[in-house]
Amino acid sequence: MSGVIVTDPPKAELKDVDALAGFGVATVSEAMGRTGLLGPGIRPVQQGVRVAGTAVTVLSWPGDNLMIHAAVEQCGEGDILVVTTTSPCTDGLFGELFAIALKQRGVRGVVLGTGIRDTQELRDMGFAAWSRAVSSQGTVKATGGSVNVPIAIDGQVIHPGDAILADDDGVVVVPRERVRETVEKSAAREAKEAATRAAFIDGQLGLDRYGLRETLQRLGVEYQTYEEYAEHGK
């Protein structure tokens, strides 16, 4: 497998990426029209952490972390390393030593479509990580791959420089050219949810706030007393 290392790709503006971190993954995905989510198999190794950053992408051979070593050099302040392999792999491609090197360069976290190890050490050092699996299985450094090229994880295409947002609910990718727009739409959605939250605290039902009684009626859903239901069930 040959490959390429692309240097200095364009990135989303960091100020817009930082603004994106003010919202949760679910809110941002909804604001983009329910798109951008990586699958539910990508889970955090810590809890209560939300990070946003610009993607440095890695395409590696299964069981081989050579290209992660190459990618470290391409990482800088505000980045998130995003790694996948050419075919399914749950080996522990990433661990504590990589995290130390990346943290020194200002990298905010890692998202792996593969496996990770040294999870306690990562939590202790405060390095945020999301992965498909936790595995102590080691790797080799023997096969070429690529850095800063488009990759796909769970059907989502991630380009270098796209914004990555990750929290306890998962990971979402925001295309570089849509980050500012998505921040604005996320803020509007959050304001709407705040109003709904206040209404629910006051006792309003979702059936009434969202006009769902008419939907139930249109679908033919009927209200019956217990006695009526029991009688019809005979």
Side-chain angles (χ1 to χ4, degrees), residues 17 19-52 80 82 84 87-90 109 111-116 119-120 123 128-135 151-158 162-175 177-234:
V17 174
L20 198 67
F23 309 100
V25 164
T27 295
V28 168
S29 175
E30 293 279 358
M32 289 196 298
R34 298 181 182 176
T35 62
L37 287 175
L38 275 58
I42 307 295
R43 301 303 305 149
V45 303
Q46 68 284 309
Q47 289 291 301
V49 174
R50 180 189 297 159
V51 298
I80 290 180
V82 186
T84 192
S87 62
C89 172
T90 58
V111 174
L112 299 157
T114 65
I116 197 169
T119 56
Q120 184 62 59
R123 287 189 292 270
W130 286 255
S131 71
R132 188 176 305 281
V134 174
S135 174
I151 62 173
I153 297 178
D154 295 339
Q156 294 297 332
V157 177
I158 303 166
D162 284 349
I164 300 293
L165 176 69
D167 63 17
D168 288 349
D169 290 339
V171 181
V172 64
V173 55
V174 181
E177 64 277 7
R178 294 189 61 189
V179 175
R180 185 171 302 176
E181 163 202 346
T182 301
V183 169
E184 294 171 355
K185 289 183 176 180
S186 297
R189 181 175 180 84
E190 194 163 83
K192 182 179 178 181
E193 289 186 349
T196 300
R197 188 177 299 110
F200 285 174
I201 290 173
D202 285 341
Q204 186 178 22
L205 296 175
L207 283 173
D208 298 313
R209 186 167 185 83
Y210 301 134
L212 297 178
R213 295 190 190 278
E214 292 81 0
T215 301
L216 290 175
Q217 185 177 25
R218 175 171 54 82
L219 294 173
V221 179
E222 299 179 348
Y223 284 86
Q224 293 182 355
T225 65
Y226 177 77
E227 289 77 11
E228 291 170 333
Y229 177 73
E231 179 65 25
H232 291 161
K234 290 181 179 179

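None of the values given here were measured: they were computed from a predicted structure.
A pairwise comparison of heavy atoms in A163 and V179 identifies CB-CG2, 3.6 Å as the closest pair. When all heavy atoms of A52 and V17 are compared, the closest pair comes out as CB-O, 3.5 Å. The two atoms that bring G24 and D167 nearest to each other are CA-OD2, 3.5 Å, heavy atoms only. Nearest heavy-atom pair, R209 versus T196, reported as atom, atom and distance to 0.1 Å: NE-OG1, 3.1 Å. When every heavy atom of L165 is checked against every heavy atom of A21, the shortest pair comes out as CD1-CA, 4.0 Å. Of all the heavy atoms in V173 and M32, the pair that sits closest is O-CE, 3.4 Å.
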Could you walk me through whether I151 and V157 pass the side chain to side chain contact (heavy atoms under 4.5 Å, CB included) check? CA-CA 6 Å; I151 62 173; V157 177; over 6 Å; no

Side chain to side chain contact (heavy atoms under 4.5 Å, CB included) for V51 and I164? Distances and angles first, verdict last. CA-CA 8 Å; V51 298; I164 300 293; over 6 Å; no

Let me see the working for V174 and V28 under side chain to side chain contact (heavy atoms under 4.5 Å, CB included), right down to the final yes or no. CA-CA 8 Å; V174 181; V28 168; 3.7 Å; yes

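The side-chain heavy atoms of L38 and W130, taken from C-beta on, include no pair separated by under 4.5 Å. By the 4.5 Å heavy-atom criterion applied to side chains, V25 and L37 are counted as neighbours. With a 4.5 Å cut-off on side-chain heavy atoms, Q217 and Y223 do not count as touching. Between E30 and T27 the shortest side-chain heavy-atom distance does not fall below 4.5 Å. Side-chain contact check for F200 versus L205: every heavy-atom pair is 4.5 Å or farther apart. Side-chain contact between D154 and R132: present, with at least one pair of heavy atoms (C-beta onward) separated by less than 4.5 Å. At least one side-chain heavy atom of V82 sits under 4.5 Å from a side-chain heavy atom of I153.
Judged by distance alone, with hydrogens and angles left aside, the side-chain atoms of S186 form a donor-acceptor pair with the main-chain N or O of T182 at under 3.5 Å. In this structure, E228 contributes its side chain and T225 its backbone to a donor-acceptor pair below 3.5 Å.
In the model, Q46 has no side-chain atom that pairs as donor or acceptor with a side-chain atom of R123 under 3.5 Å.
Comment: R189 engages E193 in a salt bridge, judged by a side-chain N to carboxylate O separation of less than 4.0 angstrom.
Between the CG atom of D202 and the CZ atom of R197 there is a distance of 13.0 Å, given to the nearest 0.5 Å. Rounded to the nearest 0.5 angstrom, S131 OG and L112 CG are separated by 6.0 Å. Atom CG of D162 is separated from atom CD of Q156 by 10.5 Å, given to the nearest 0.5 angstrom. From R180, atom CZ reaches atom NZ of K185 across 14.5 Å, with rounding to the nearest 0.5 Å.
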